[in-house]
Structures are given as structure tokens and as C-alpha cells.
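To keep things clear, I will list the structure first and then write my remarks on it.
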Amino acid sequence: MRTAPGARERRARLALPDPARSIAALVCGGTAVAYSSFVLSAWAGSPLPVSRGYVSELEAVGQPHRDVFRWADVLSGAGLVVVALIVAVHLVARRHGGLVGCAMLALAGFASLLDAANSMSCVPSIDAFCRAQQDTASGLVRQVIAPHTISSLLGFLAAAGAMLLVGTALTTTRPWFSRLSITCSVLTGLLGLGDGVLIVTDGAVGLTERGRIMVFSVWLLAVGAQLLRPSTTRCVVRDARSTDWSGSIDG
């Protein structure tokens with residue numbers, strides 16, 4: 001539209017609610033809660049030592065409320081696949097690196113589903129016979145090639161890669177979230193290396209594993225927070241000397 005000469009503009013940004021993004025944020029939050037379900041171990045009366053027991057042992061045969069933790073894996077796995085789609089649509093758009101990160105996020109979800117389908121057959125942290133079997137050369141080989149071990153390793157690598165790629169894809173558009181994502185990815189990698197060292201040295205691997213899970217859960221909550229940032233309308237208002245006004249929309 002044409003405006004009077006010398007007209008001045010005022011721009012006001014008005015927050016607009018977006019129900020779809022709000023629902024997506026809730027999905028991210030729910031997935032984070034399900035992914036870190038190990039915090040319910042005290043409620044479940046688990047006899048497993050927190051410092052030395054694997055989180056996956058909560059789902060082993062004979063453990064109290066094992067089905068609760070298995071269903072938590074199912075919910076977090078399905079949730080991660082949905083979160084991957086959410087991030088692809090609402091955050092990374094057409095950035096190729098970000099889309100690869102979303103694919104890795106979905107892969108982490110499928111790994112969680114495989115974890116639920118392939119529970120550990122015994123509990124080495126409290127079962128001396130199970131631990132003795134794993135300490136042998138043949139037992140170590142069986143442990144490495146076990147479906148549960150493979151899916152857990154795949155989930156760890158996919159989660160770290162997803163945070164890194166999504167973070168680097170959003171460096172210019174969402175700098176704060178980008179830095180957080182890259183930091184979470186690096187921290188996850190360091191904790192993963194710590195897992196390896198502590199497994200070999202028979203150390204407190206339960207702490208580093210739980211640390212990795214919590215880092216990823218915090219990142220999922222941060223994704224939800226990004227989605228709660230409201231879309232805005234930018235209104236251009238002319239002063240009294242103007243004959244008309246115009247407006248524009250920012251998504």
C-alpha cells in the first residue's frame with residue numbers, strides 16, 4: 001500500500017498461541033520422562049546397586065516391576081520417532097545436516113524399542129554366576145554380540161550424533177539451543193568413553209550410564225522449550241499523519 005510522505009512506523013510483536021507446537025512440546029517432555037524412567041527404581045524396590053548396575057538390568061527377568069521399565073522403553077522409543085518428525089518440521093526445516101540428525105534421532109527411538117524387546121538374560125551386578133560367565137573370554141564375546149548390547153550401543157551413538165547434527169544445523173537461527181545441543185553431544189560422548197573404561201576396570205559404570213541418559217533427557221526437554229517459543233505477529237502501525245497502515249506476519 002502507498003503511504004503519506006514522511007510517515008513513521010511502529011512495530012509491535014504480538015505472541016500468538018500455537019496449539020500444535022504446544023502439543024509437540026508435551027510429546028518431547030513425555031519422551032524425556034519415559035527415557036529417564038530409571039529414577040523409578042527406588043519406587044520399584046530394585047535391589048540393584050545404582051553405581052554398578054546397568055539401567056537395562058531393571059528390565060531383566062525376575063526384577064520387580066520389570067514390565068514398567070520395558071513399557072517405558074517402548075514409550076520413549078515411539079516418542080523419539082515422533083520427536084524426530086517434530087524437529088524436522090518445526091526446527092531444522094530443510095537443512096540437510098539437521099535432517100540427518102532427525103534420522104539419527106529416529107534411529108535412537110528404534111534402538112530403544114529393540115532394548116525393550118531384548119531384555120538382559122541375567123543381572124551381573126548382583127548375580128555372581130552371571131558375572132563370572134561374562135568375565136570369561138567366551139562370555140565377553142557373547143555379551144558384545146548380544147542383541148541388547150548392540151541396540152544399546154546403537155542408541156547411544158545415534159543420540160549423540162542427533163544432538164550434534166541438530167545443534168550445528170541451528171547455529172545461526174537458534175544459537176543458544178545450538179550451543180546446548182553441541183555441549184550435550186560432547187558430554188554424552190565423554191560419558192560413553194567413561195562407560196568403556198569403567199566396564200574394563202569393573203568400576204561405577206552405572207553412574208556414567210545414568211549420566212548419559214539424563215543429559216539426553218535434558219536435551220529433549222530443551223527441544224520442547226524451543227517449541228514453546230511463541231510464533232509472533234509483527235504489526236506495522238502508521239502515525240496520525242499517515243493515511244493507512246499495513247501489517248506482516250512472522251512465523
Side-chain angles (χ1 to χ4, degrees), residues 27-80 83 108-136 139-140 142-160 184 187-188 190-221:
V27 172
C28 293
T31 302
V33 171
Y35 195 81
S36 54
S37 63
F38 71 86
V39 298
L40 298 175
S41 59
W43 162 83
S46 173
L48 303 176
V50 172
S51 61
R52 301 173 65 87
Y54 296 105
V55 171
S56 301
E57 293 180 4
L58 294 168
E59 302 175 25
V61 176
Q63 292 305 299
H65 300 287
R66 65 184 293 256
D67 287 339
V68 171
F69 298 103
R70 293 184 69 189
W71 274 108
D73 263 355
V74 171
L75 291 175
S76 63
L80 285 173
V83 171
F110 286 119
S112 184
L113 293 173
L114 291 175
D115 281 348
N118 297 288
S119 301
M120 296 182 69
S121 58
C122 63
V123 186
S125 64
I126 59 174
D127 187 337
F129 179 73
C130 176
R131 185 166 58 253
Q133 283 188 316
Q134 292 188 356
D135 287 342
T136 65
L140 180 61
R142 287 195 300 271
Q143 183 181 4
V144 170
I145 64 175
H148 184 85
T149 303
I150 294 173
S151 62
S152 296
L153 179 60
L154 180 64
F156 153 64
L157 294 174
C184 287
L187 185 56
T188 298
L190 292 175
L191 289 169
L193 291 176
D195 283 353
V197 172
L198 292 173
I199 288 172
V200 173
T201 60
D202 196 25
V205 67
L207 297 181
T208 52
E209 184 185 21
R210 285 165 173 77
R212 284 194 292 104
I213 292 171
M214 289 306 298
V215 168
F216 189 48
S217 297
V218 167
W219 183 78
L220 289 171
L221 291 175

Please report the shortest heavy-atom distance between Tyr35 and Ser217, naming the atom on each side.
CD2-OG, 3.7 Å
Smallest heavy-atom separation, Ser46 atom then Leu58 atom, equals OG-CD2, 3.5 Å
Non-hydrogen atoms of Ala44 and Pro64 that approach each other most closely
O-CB, 3.4 Å
Can you tell if the side chain of Ser41 reaches within under 4.5 Å of the side chain of Leu48, non-hydrogen atoms only?
no
Considering non-hydrogen atoms only, spot the tightest contact between Thr31 and Gly79 and give its length.
OG1-CA, 3.4 Å
Assess the residue pair Val68 and Ser37 against the criterion (side chain to side chain contact (heavy atoms under 4.5 Å, CB included)); give the C-alpha distance rounded to whole Å, side-chain angles, the decisive distance to 0.1 Å, and a yes or no.
CA-CA 9 Å; Val68 171; Ser37 63; over 6 Å; no
Is there a side-chain contact between Ser119 and Val61 in this structure, where contact means two heavy atoms from C-beta onward sitting under 4.5 Å apart?
no
Worked verdict on Leu191 versus Phe156 for side chain to side chain contact (heavy atoms under 4.5 Å, CB included)
CA-CA 10 Å; Leu191 289 169; Phe156 153 64; over 6 Å; no
Rounded at 0.5 Å granularity, tell me how far CG in Leu221 sits from CZ in Phe216.
11.0 Å
Evaluate the side chain to side chain contact (heavy atoms under 4.5 Å, CB included) criterion for residues Phe38 and Val50: first the C-alpha distance (whole Å), next the side-chain angles of each, then the deciding distance (0.1 Å), finally the verdict.
CA-CA 10 Å; Phe38 71 86; Val50 172; over 6 Å; no
Name all residues meeting the side chain to side chain donor-acceptor pair (under 3.5 Å) criterion together with Glu57; count only those two or more places apart in sequence or in a different chain, and write none if there are none.
Ser125
Does some side-chain heavy atom of Pro124 sit less than 4.5 Å from a side-chain heavy atom of Tyr54?
yes
CE of Met120 to OG1 of Thr149, rounded to nearest 0.5 Å, is 7.0 Å
Report the C-alpha separation of Asp195 and Glu209 in whole Å, then their side-chain angles, then the decisive distance to 0.1 Å, and conclude whether the side chain to side chain contact (heavy atoms under 4.5 Å, CB included) test is met.
CA-CA 7 Å; Asp195 283 353; Glu209 184 185 21; 4.3 Å; yes
Once you round to the nearest 0.5 Å, how far does CG of Leu80 lie from CG of Leu220?
6.0 Å
Heavy-atom pair of closest approach, residues Pro49 and Ile126
CD-CG2, 3.6 Å
State whether the side chain of Ser112 and the backbone N or O of Asp73 hold a donor-acceptor pair below 3.5 Å, judged by distance alone.
yes
Looking only at atom types and distance, does a side-chain atom of Arg70 sit under 3.5 Å from a main-chain N or O of Arg66, one as donor and one as acceptor?
no
Mind checking the OG-CG spacing from Ser151 to Leu113? Nearest 0.5 Å is all I need.
10.0 Å
Search all heavy atoms of Ala204 against all heavy atoms of Leu198 and return the closest pair with its distance.
O-CD1, 3.4 Å
Reported CG-to-OG1 distance for the pair Leu193 and Thr208, which is rounded to 0.5 angstrom
10.5 Å
Interatomic distance, CG@Leu154 vs CG@Leu114, rounded to 0.5 Å, equals 8.0 Å
Has the side chain of Asp127 got a donor or acceptor atom that lies under 3.5 Å from a matching backbone atom of Val123?
no
With a 4.5 Å cut-off on side-chain heavy atoms, are Ser36 and Arg210 touching?
no
